[in-house]
Amino acid sequence: MSGTKRFRARVGASVAVAVMALGVSACSGSGNSTGAAAPKADSGKSSEVRVVEAHSYKVDSTPAAAVASPLNENVFEGTVVSRRPDVRVTDKLDDGSVLEAVYTPVVVRVDTVHKGGLKPGSHVVVRSLGGVADGVKYVTEEAPAKETFAEGHELLVFAGIREAVDSESTPAVTPHFVYLESGSQLVDATYASGAADGSAPGRLGKARFAAELRSLKS
């Protein structure tokens, strides 16, 4: 499966059903099972920085779709506290091959928990896919834009389980769906390039989204 999606699946659910793993979204799948192209190194680039491009497909990221996804182990509202330097991670796949990715560790204060075992007031690291570290530049648009995770931003995050992949020492969550609070609305920030159908990011009133979220506790 693609780097972006595999990371999400590996961290957010079992590899067999996860469609978004060592990559980062609850919306992706393996290249073989979904037709997504695997990340590829660009050998034409400088030898000092090797470029890895993750190409995968998008899925519906409306509130109803986010709530219905079976891969969300943690759903919470939080405030971005800080961003740490980019890190390169590797994960060994079932076939023995090694997948690599680069992400920015984003520290988020958990304000409200809708699903999962995170505690209000605690801090959790969220993986923001993409970046440069250890001679590797990882590029993907099938993940939230970096500016989504600016300090002070209030987010609604649908994520996988909190754990560390093979090369990590600190557990983190990979977001499957991300919404940015904007006044009385929530803006779909799941994909850097806009909604799955190519239109502008969707918006939804907080009150209406709250009604969707209640089903998670039923």
Side-chain angles (χ1 to χ4, degrees), residues 1-31 38-39 50 52 54 56 69-111 113-140 142-144 146 148-149 151 155-178 190:
M1 83 175 39
S2 78
T4 300
K5 305 316 180 178
R6 171 93 173 61
F7 197 51
R8 295 176 164 185
R10 168 68 172 78
V11 180
S14 73
V15 175
V17 295
V19 283
M20 316 161 243
L22 192 75
V24 131
S25 80
C27 336
S28 60
S30 78
R50 179 165 47 88
V52 175
S56 54
S69 173
L71 300 180
N72 297 315
E73 297 291 338
N74 288 286
V75 180
F76 61 95
E77 295 175 54
T79 303
V80 177
V81 175
S82 64
R83 299 192 339 188
R84 297 172 180 168
D86 293 350
V87 297
R88 173 179 171 269
V89 290
T90 59
D91 191 38
K92 189 173 183 179
L93 308 187
D94 295 340
D95 63 3
S97 61
V98 176
L99 182 67
E100 63 181 345
V102 176
Y103 72 87
T104 306
V106 179
V107 180
V108 176
R109 184 187 68 237
V110 178
D111 298 324
V113 177
H114 297 285
K115 179 181 179 180
L118 298 177
K119 303 299 182 183
S122 66
H123 287 180
V124 61
V125 174
V126 175
R127 301 180 181 95
S128 170
L129 281 190
V132 181
D134 296 338
V136 174
K137 181 178 182 180
Y138 191 79
V139 180
T140 180
E142 285 74 35
K146 292 297 181 181
T148 299
F149 299 104
E151 185 175 340
L155 309 173
L156 171 59
V157 180
F158 291 74
I161 61 176
R162 179 175 178 268
E163 69 172 9
V165 297
D166 290 344
S167 66
E168 291 177 307
S169 58
T170 301
V173 299
T174 295
H176 299 160
F177 303 91
V178 178
T190 300

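Sequential numbering from 1 along the given sequence is applied to the chain's residues.
Nearest approach of F149 to V80, heavy atoms of both residues: O-CG1, 3.3 Å. Minimum heavy-atom separation, S69 to F177: CB-CE1, 3.9 Å. Across every non-hydrogen atom of H176 and T190, the tightest pair is O-CG2, 3.5 Å.
The closest side-chain heavy-atom distance from H114 to E77 is below 4.5 Å. No side-chain heavy atom of E163 sits under 4.5 Å from any side-chain heavy atom of E73. With a 4.5 Å cut-off on side-chain heavy atoms, V108 and V157 do not count as touching.
In this structure, CG in N74 is found 4.0 Å from CG in L118, a value given to the nearest 0.5 Å. In this structure, E100 CD and D91 CG are separated by 11.5 Å, a value rounded to the nearest 0.5 Å.
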message: Does K137 form a side-chain contact (heavy atoms from CB on, under 4.5 Å) with V102? I'd like the steps, not just the answer.
response: CA-CA 7 Å; K137 181 178 182 180; V102 176; over 6 Å; no
- prompt: Between T90 and R88, is a side-chain contact (heavy atoms from CB on, under 4.5 Å) present by the stated rule, with each step listed?
  reply: CA-CA 7 Å; T90 59; R88 173 179 171 269; 3.8 Å; yes
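Taking T104 as the reference, D86, K146 meet the side-chain hydrogen bond (donor to acceptor under 3.5 Å, both in side chains) condition, with sequence neighbours excluded. A search for side chain to side chain contact (heavy atoms under 4.5 Å, CB included) contacts involving V87 returns V89, Y103, P105, not counting sequence neighbours. By the side chain to side chain contact (heavy atoms under 4.5 Å, CB included) test, K119 is found to be paired with S122, residues two or more places apart in sequence or in another chain being considered. D111 pairs by the salt bridge (Lys or Arg N to Asp or Glu O under 4.0 Å) definition with R109, not counting sequence neighbours. Under the rule for a side-chain hydrogen bond (donor to acceptor under 3.5 Å, both in side chains), the partners of S97 that lie at least two apart in sequence or sit in another chain are D95.
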